Amino acid sequence: MDRPPIDDGVLTVRDGVILALQPGDTARDLAAEDLGDVVLMPGFINAHTHLELGFCRGRIPPCPLWDWFDRLIELNRRPDAGPLRRQSIIEGARESLEAGVTCIADISRSGENAALLSDSPIRKTCYIELISGAKSPPYDAHSLEHALAKVRTRAQDDRLRIGISPHAPYSVTPEDLAAAASLAAHDGCPLTVHVLETQDERDWFAQGSARLDAYLAKYGVGGGARRPGGSALKLLRTTGILRHRPLLAHLNYVTDDDLAILKKSRAAIVWCPRTHAYFGHAPHRWLDMLNAGIPVCFGTDSLASAPSLSALDELRFLHAAHPGVDSMTLLECATARGAEALGLGQRLGTLTPGKWADFVTIPLPEVLVRDVGRAVLETQHGVSGVWVNGANVFTRR
Ligand SMILES: [Zn+2]
C-alpha cells in the first residue's frame with residue numbers, strides 16, 4: 001500500500017511487529033516459511049459495523065430506513081435478544097477474521113462488545129452508542145460518561161480501544177452532542193457518528209421532515225426539538241464534534257456545501273457500499289470526496305443490511321460497479337486509509353517496518369500478474385491465511 005508490489009517478497013516479523021519487507025529468496029532462508037503463490041497484504045479494516053446485530057441477518061427485507069429501524073427495534077426487544085446479541089458479537093469477530101478483517105470499528109448500544117471481544121485476537125475499536133431519550137442507557141451525556149467509565153475498567157491494550165458514538169445529529173440533542181465532543185476532547189477517546197444517511201435527515205435540517213418527526217416522536221428520542229434551518233454537518237461543527245477527528249458514517253446525501261465543510265474539518269468518512277445498495281440510496285459521492293482529498297474508507301455496516309462482514313466483499317462489489325476506479329485506490333481505502341481514519345495510521349494499514357504485523361494472504365496462482373490490485377479484486381479466492389501481531393489466527397484448509 002505504500003510501494004509497488006514486491007515479487008517473491010520476504011516479510012520479517014519480530015515480537016508482533018514488522019521488522020523488514022524486502023525481495024528475497026525463501027529457499028535460501030531456512031527460517032522463512034514459504035506461503036506459496038499468494039498475495040501478502042495488510043489485513044483489511046472494517047471501519048463501520050454493529051456485530052451485535054448479527055442475529056438479524058436475513059430477517060429484514062430491504063425497506064426505507066425508518067421501517068427498517070421499526071423491524072430492528074422489534075427484533076431487539078424480544079426476550080431472547082440479549083443472548084443472541086452477545087453470541088452475534090463473538091461469532092461476528094470470528095467471521096470477520098476468516099474474511100481477512102484484522103481490525104474493526106464496532107458500535108454497540110450496550111457496550112458489551114469490549115468485554116466479549118477481549119479474548120478475540122481481532123484488533124477493535126469498540127464504540128458505545130448514545131441515543132438521547134432512548135429507553136435503555138446511554139440515553140444522555142451523563143449516562144454515556146458512566147457507561148464509558150464502566151467499560152473502561154477492562155484493561156485496554158494494542159488490540160482494544162474504547163470509543164463513543166453519539167448515534168446521529170437527529171437522534172442526539174445538540175446539548176448531548178456538545179457533551180460527547182467535550183468528553184472525547186478530555187478523554188482522547190475515538191468518536192464516530194452516523195451522518196446524512198437519508199434524504200429525510202437532510203430535509204429535516206433544511207426545512208423539516210414529517211417522516212423523521214414521526215419516527216422521533218414514536219420512540220421519544222432526539223429530544224423532540226426540530227432543528228430546521230441548518231444542516232447536519234453545521235450542527236456537528238458548532239457542537240465541536242468535527243474538531244475531534246470524528247469518523248463519520250455514510251454521508252449518503254451530501255451537498256457541495258457539506259463537502260466544503262468536510263474538506264476543512266479533520267473528519268474521515270466511512271462508507272458502506274453494499275448497505276447503501278440494500279437501502280437503494282441515490283448514488284454516493286465517494287469519488288468526489290476522494291478527489292477533494294477527503295479521507296474515505298469502507299465498512300460493511302451490520303449483517304442486518306449487509307450480506308457479510310468482509311471488507312474484501314465490499315471492494316469486489318465496488319470494483320464490479322466501478323471497473324474504471326484504480327484497484328489499488330480501493331485496496332488502500334480498506335487498509336492504509338482505514339487505519340488513518342481510525343487514528344492508527346502510525347501502526348496499521350501498510351506493511352511498513354515498525355508497524356503491527358497484521359496481514360493476510362490471498363491465493364493468486366497466475367504466474368505473471370501485471371496488476372496485482374485488480375487480480376485481488378477479480379479472483380474468486382477468499383483469504384487463505386490471516387495474521388494479527390504476527391501470529392497466525394486463521395488458515396483456510
Ligand atoms: Zn451503523
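Nothing here was measured: the structure is a model prediction, and the numbers come from that model. We're numbering straight along the sequence, starting at 1. When a ligand or atom number is given, it counts from 1 through the structure's own listing order.
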Pair His250 + His284: ring centers closer than 6.0 Å: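 Not under 6.0 Å, so no.
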Report yes if the distance between the aromatic ring centroids of His281 and Tyr253 is under 6.0 Å, otherwise no.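 That pair passes the under 6.0 Å test.
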Single-linkage hydrophobic cluster Leu309~Ile90, side-chain heavy atoms < 4.5 angstrom: yes
Counting no waters, what protein N/O/S atoms lie under 2.8 Å from the Zn ion (ligand 1)?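 Near the Zn ion (ligand 1), the protein supplies His48 NE2, His50 NE2, His194 NE2.
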If only atom types and distance count, is the side chain of Thr238 paired as donor or acceptor with the main-chain N or O of Lys234 below 3.5 Å? yes
Side-chain heavy-atom pair Thr49, Val101 within 4.5 angstrom cut-off: no
Does either side chain, that of Trp204 or that of Tyr215, offer a donor lying less than 3.5 Å from an acceptor on the other one?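 Per modelled atom types, Trp204 and Tyr215 side chains form no pair under 3.5 Å.
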